[in-house]
Number of protein chains: 2
Amino acid sequence: MAERIVEPQELSRSANELLVMAALDRGAGHGYQLALDVEERSGGAFRFNHGTLYPILHRLEERGLVAGSWSDNSSGGRRRKSYALTEEGEKHLVAEREAWREFFRRFWPMVEEER
Amino acid sequence: MAERIVEPQELSRSANELLVMAALDRGAGHGYQLALDVEERSGGAFRFNHGTLYPILHRLEERGLVAGSWSDNSSGGRRRKSYALTEEGEKHLVAEREAWREFFRRFWPMVEEER
DNA sequence: CTCTTTATATCGACTGTCGATATAATAAGA
DNA sequence: TCTTATTATATCGACAGTCGATATAAAGAG
């Protein structure tokens, strides 16, 4: 544990995926709602471009970290694809949080003002 | 102050540039040495690919944040281009540090485990 | 006199985001 | 009823930045 650190070059991908996975962990359902959730919860600080969000969800699904399922729209209602973390996704989320903590623990002393 | 936050999509660029600027602030001179400095100081956690580092230095120079000067090699010695933060670069470094602090302050509650 | 190290630089491939656009169903309003 | 706004998923080309490889060259070591 706490071995691998997030490398700067993968920070963007990692941060966005973590935001998505954490939102799903909180119970967010489909993509569009997830985007609203993140925006609202962050007070507008974090916003997902749809052209960014959907590829992320597809990527995570392909890697088996989230499972998507189309809602049954026989009783009317818009088509939606709901996502949930898989068991592997839960583990990955824990590991990614730890990787970020570790990254920051290492990164900050490197850029902090000299005393 | 403390208004703008670092957006996830610019994290990679921002982190690498911050590592470079902070290293120059500590007094590192030319590119190759800067790379060794960062690697050593981080205990190997952060390493600069040369194909990444030199474009960063050129970028920062073009933006007027660092000033580069070729060493006078009339008295022998390898050709080196030494870099130093400009006054604007110093200000930018302070602002970037603050932006990162702010990013993390906002990011962490978004991804932290629910209690 | 050859090999390694120091040093800067660029190149093509690749990944991921951005903003725009497409599609379509439902709800709201005139 | 017709039209517009909202909800919702998806893809596209352009762009930026990193990666690993390669080029170049001077200095020091063997």
Side-chain angles (χ1 to χ4, degrees), chain A residues 5-21 23-24 28-40 46-63 66-83 96 103, chain B residues 5-21 23-24 28-40 46-63 66-83 96 103:
Chain A
I5 71 151
V6 177
E7 298 279 349
Q9 58 272 16
E10 38 172 291
L11 245 45
S12 159
R13 201 190 101 254
S14 171
N16 279 330
E17 289 184 1
L18 190 47
L19 283 171
V20 167
M21 288 192 295
L24 292 179
H30 58 281
Y32 192 82
Q33 187 166 56
L34 195 151
L36 295 178
D37 269 28
V38 168
E39 181 162 359
E40 196 183 354
F46 299 116
R47 253 164 283 113
F48 271 114
N49 189 310
H50 292 163
T52 301
L53 176 60
Y54 289 110
I56 289 173
L57 286 168
H58 299 160
R59 226 152 65 207
L60 294 176
E61 191 178 14
E62 206 178 4
R63 283 198 266 155
V66 308
S69 58
W70 287 99
S71 68
D72 173 34
N73 62 336
S74 56
S75 57
R78 267 170 245 93
R79 77 201 222 285
R80 287 174 174 177
K81 195 172 181 183
S82 283
Y83 292 93
E96 281 297 294
F103 162 75
Chain B
I5 71 151
V6 177
E7 298 279 348
Q9 57 273 16
E10 39 172 291
L11 246 45
S12 158
R13 202 191 100 252
S14 170
N16 280 331
E17 289 184 1
L18 189 46
L19 283 171
V20 167
M21 287 192 297
L24 292 179
H30 58 280
Y32 192 84
Q33 187 166 56
L34 194 151
L36 296 177
D37 269 27
V38 167
E39 180 163 359
E40 195 184 355
F46 300 116
R47 252 164 283 112
F48 271 114
N49 190 310
H50 292 164
T52 300
L53 177 60
Y54 289 111
I56 289 173
L57 287 168
H58 299 161
R59 226 152 65 206
L60 294 175
E61 191 177 15
E62 204 177 5
R63 285 199 264 155
V66 309
S69 57
W70 287 98
S71 67
D72 174 34
N73 61 339
S74 56
S75 56
R78 267 171 245 94
R79 76 201 222 284
R80 289 174 172 176
K81 195 173 182 182
S82 284
Y83 292 92
E96 280 297 295
F103 162 76

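In what follows, chains carry the letters A, B, and so on, assigned in the order in which the sequence lines appear, proteins first and then strands, with residues in each chain numbered from 1. Computed from a predicted structure; not experimentally measured.
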Over all heavy atoms of both residues, which pair between B:Gly68 and B:Tyr83 is shortest? Give the atoms and the distance, please. CA-CD2, 3.7 Å

Report the distance from atom CG of A:Leu36 to atom P of D:dT7, rounded to the nearest whole Å. 7 Å

Rounded interatomic separation in angstrom, taking CD from B:Glu17 and P from D:dG17: 7 Å

Residues 47-60 of chain A vs side-chain hydrogen bond (donor to acceptor under 3.5 Å, both in side chains), sequence neighbours excluded, gives A:Glu17-A:Arg59

d(CD, B:Glu39; P, C:dA7) in whole Å: 15 Å

Integer-rounded Å distance: C:dG16 P and A:Leu11 CG: 13 Å

Report the residues that fulfil side chain to side chain donor-acceptor pair (under 3.5 Å) with A:Glu61, sequence neighbours left out, ordered by chain and then residue number. A:Lys81

What closest approach, in Å, do B:Ala23 and B:Leu34 show between heavy atoms, and which atom pair accounts for it? CB-CG, 3.9 Å

Would you say D:dT18 has OP1 or OP2 under 4.0 Å from some side-chain N or O of B:Asn16? yes

Specify the separation, in whole Å, of atom CZ of B:Phe48 and atom P of D:dG20. 14 Å

Run the side-chain contact (heavy atoms from CB on, under 4.5 Å) test against A:Ser69 and tell me which residues pass, sequence neighbours left out. A:Ser82

Gap between atoms CD1 and C1', on B:Ile56 and D:dG17 respectively (whole Å): 9 Å

Going 5' to 3' through nucleotides 9-16 of chain D and flagging B where a protein heavy-atom sits under 4.0 Å of the base, S where only the sugar-phosphate is that close, and - otherwise, we get BBB-----

Rounded to the Å, how far apart are A:Leu19 CG and C:dG16 P? 16 Å

Side chains of B:Ser12 and A:Glu10: any donor to acceptor distance under 3.5 Å? no

Length of the line joining B:Gln9:CD and C:dT15:C1', which is rounded to integer Å: 15 Å

